[in-house]
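Heads up: numbering here begins at 1 and tracks the sequence.
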Amino acid sequence: MKVIWKKVLTAAALSVMACIAGCSHKEEKKPKPQPQATAVVDNGNIDAQGKGNGQSDVPLVIGCDKLSKKFNPFIAKTVPDQQAVSLTQLYLTGNDRQGRIVYNGIDGEVRTYNGSNYTYYGPADIETRYNSKKDETLYYITLRDDLKFSDGEPVTIDDVLFTIYVLCDKNYKGGYKLGSYDIKGLSRYQKNKNVKNIAGIRRLGNYKMSIATNGFDASMVQSLKIPICPLHYYGNIEKYNYSKKKFGFKKGDISTVCANKTSPVGAGPYRFVKYEQKVIYYTSNEIYYKGCPQIAYVQLKEMKEILNATQAKIDSQTGQETVPGNENPEDTKKEPVLNRSAEALEMTEGTVDVLDTVLSKEDISWVSYANSNGEISGNKISTSFLPTGVYQYIGINPDNVRAGTDAYSEESRNLRKAFATAFSAFRSILYDYYADGTCIIQYPCSSASWLCNSKEDINYSQAYNKNINGDAVNKDNLKKAVLSYLGAAGYTIDGTSVTGAPAGADTEYSIIVAGGRNNPLYQFVSQTADFFKEIGITLDIVQSGDTKAIKKRIAKGRLQLWAGRCDTGKDYNLYKRYAGSESLFGIKEPKFVKLAKRAEAAVKDSIKKKKYQGLYDNILEMAVEVPVIEQQSAIMCSSSRINTDTMAKDITVYYSWINEIENIEMK
């Protein structure tokens, strides 16, 4: 697969986005899914064929990166392994399309996104109660009482408790972070201080439980997005007795639980059949609570080697075909040419049906060439771009880029705004490089997030040519804006050049770029540095391949500027990111720190969003970060083999197509 930045992003976000225009309509809830087999099966017999009642026998082939073959839901860490597991699992709770938790999964919730109403169902309800006097939070979890695992065994709260105790065991090393939260009694339990159970976790019935935490942490409820793992399969039912404080395994020894079982078992839409020659085979789960999937068979296929081999073969062909759209008008030759995109070829040849990858501007042209209409979506391939929640930015350390001794004075802010203004202006270069594969952003947040600020007019200055269409930056206007900020910071300006710096500031700065020229931000940073050279400011570019060392240097406050990358899907917390002890920015401005703490303490979503928007404006005003682009994943789907109308609409990084895989039909 072609990868522009590190590796192909989460395959769990595979989808076909269908943006629906129009006004929102009356909220109408879709019927609640009722668990019932659509075929005669022996109570979910593991040998069931997965055909249901008239389900399609044509398999859906999903492309993925290299599988590590760790298909146990407790230990699967890589993106492909997690997707391999997710097809078989039912998760306690989940997100809507904007990243908000679905609290009322049992009866369903209707929420509006992109002008359309969508109903969200899940296996459980989550209720959050914060007690300000005790400074503690109670999370009540109520499970549906009619769920079954794919082998026919009922799903109860004991399966949830078993899963939670594994995740909270001191020896758990997997990817779930529930055991790192401040659950009452958890620390004593993990330290073996005569505690046999976790005091804050209580069983309240066969389908209800509660979790008590000290204080309030907004990300705690997100940590409950865990698979409901069957106690009878992964644990030992003889070692489970809640009243006797036994939870299905020996405390401190989860080796048997985390052993890589032959195949994962859960209550998800598909059953794992086998892994063979880099392909996982699945059959549909006829007793899935949202109904038997319309496609009986699914294959998860490793595509990296296939695509690399195909691309190598293409590149070895004699002659270089002109990229579609760039042909010489005088060339009247009409003979067909070989499509030079491995992804497009494998898609049209039927090797894969759905593929999540990263496409360059040239790749996009070749994908369009595969369709008879010359567009990225047509009769052969349907392509959409999905914001991934990962954005790239320019970081500016306030203590190291300042004028005078106060890092937050007007002079210091103006100095950083000079840098921020120039970097903002040159972002348009990246659009020209990526084309539709990127999204230039104004705020340090995913464009799909419910916490994203809705305003679009924020910028450091309107004096330069602000555009995202690849047009040349108006340097004369940009120079005026940047020099104006530098002058306000105390710099001596002679015409269009800097001749002196105020105390505490300099005319030479450095910016570190991880990966050097291989970093997609390198060209953008380089052109910005060239611009500063024209006005008398030196911006040295330091290249480094050691990302861990860079992060340590940034965290210790040793760098001035850096090109960074932020994943907003991993415990995104503004206080921790900008002012916490491990912050890369180390903001110490009292007002900001106070606001950030209050934002993270907000229990209500409406209050939290308002406070976050205020913080975004503060971050831009202090000019410590310049949001640049949000990476976008190219979602390619075979429109000749899949009925794309049956796929989930308006997919985002927070809401995967797999959430509605049971509805997809093949042609």
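Between Asp151 and His232, the side chains place a donor N or O and an acceptor N or O closer than 3.5 Å (distance only, hydrogens not considered). A donor-acceptor contact closer than 3.5 angstrom links the side chains of Ser372 and Asn379. Counting only N and O atoms by type, the side chains of Asn117 and Thr112 include a donor and acceptor under 3.5 Å apart. In this structure, a donor-acceptor pair under 3.5 Å is absent between the side chains of Ser56 and Tyr297.
Cation-pi geometry between Arg577 and Tyr393 is satisfied (NZ or CZ under 6.0 Å from the ring centre, within 45° of the ring normal).
Take Tyr103 and apply the ring-ring contact (aromatic ring centres under 6.0 Å, His included) test, not counting sequence neighbours, and it matches no residue. Under the rule for a side-chain contact (heavy atoms from CB on, under 4.5 Å), the partners of Asn236 that lie at least two apart in sequence or sit in another chain are Glu238, Lys239. By the salt bridge (charged side-chain N to carboxylate O under 4.0 Å, His left out) test, Lys274 is found to be paired with Glu276, residues two or more places apart in sequence or in another chain being considered. When the salt bridge (charged side-chain N to carboxylate O under 4.0 Å, His left out) test is applied to Asp96, the partners found at least two apart in sequence or on another chain are Arg100, Arg111. Take Gln222 and apply the side-chain contact (heavy atoms from CB on, under 4.5 Å) test, not counting sequence neighbours, and it matches Asn95, Ile101, Lys225. With sequence neighbours excluded, no residue forms a ring-ring contact (aromatic ring centres under 6.0 Å, His included) with Tyr270. Under the rule for a side chain to side chain donor-acceptor pair (under 3.5 Å), Ser449 has no partner lying at least two apart in sequence or in another chain. With sequence neighbours excluded, the residues forming a side-chain contact (heavy atoms from CB on, under 4.5 Å) with Pro269 are Tyr288, Pro293, Ile661, listed by chain and number. For Ala84, the side-chain contact (heavy atoms from CB on, under 4.5 Å) criterion is met by Leu67, Phe71, Ile280, Tyr282, Leu300, not counting sequence neighbours.
The number of heavy-atom neighbours closer than 6.0 Å to NZ of Lys30, taken from other residues, nucleotides and ligands shown, is 12 or below.
Salt bridge status for Asp315 with Arg340: present, with a side-chain N to carboxylate O gap under 4.0 Å. The pair Glu346-Lys301 fails the salt-bridge criterion, with no side-chain N (NZ, NE, NH1 or NH2) lying under 4.0 Å from an Asp/Glu carboxylate O.
Sorted by first then second residue, the salt bridge (Lys or Arg N to Asp or Glu O under 4.0 Å) pairs that include residues 69-81, not counting sequence neighbours, number zero. Applying the salt bridge (Lys or Arg N to Asp or Glu O under 4.0 Å) test to residues at least two apart or on different chains, the pairs with a partner in residues 638-647 are Asp353-Arg641. Pairs engaging residues 651-667 under the salt bridge (Lys or Arg N to Asp or Glu O under 4.0 Å) rule: Arg97-Glu660, Lys290-Glu662 [sequence neighbours left out].
Taking every heavy atom of both residues into account, Leu143 and Val160 meet most closely at CD2-CG2, 4.2 Å. Contact between Ile658 and Ser86 at its shortest, heavy atoms only, is CD1-OG, 3.9 Å.
With hydrogens and angles ignored, the 3.5 Å screen pairs no side-chain donor or acceptor of Tyr91 with any backbone N or O of Ile228.
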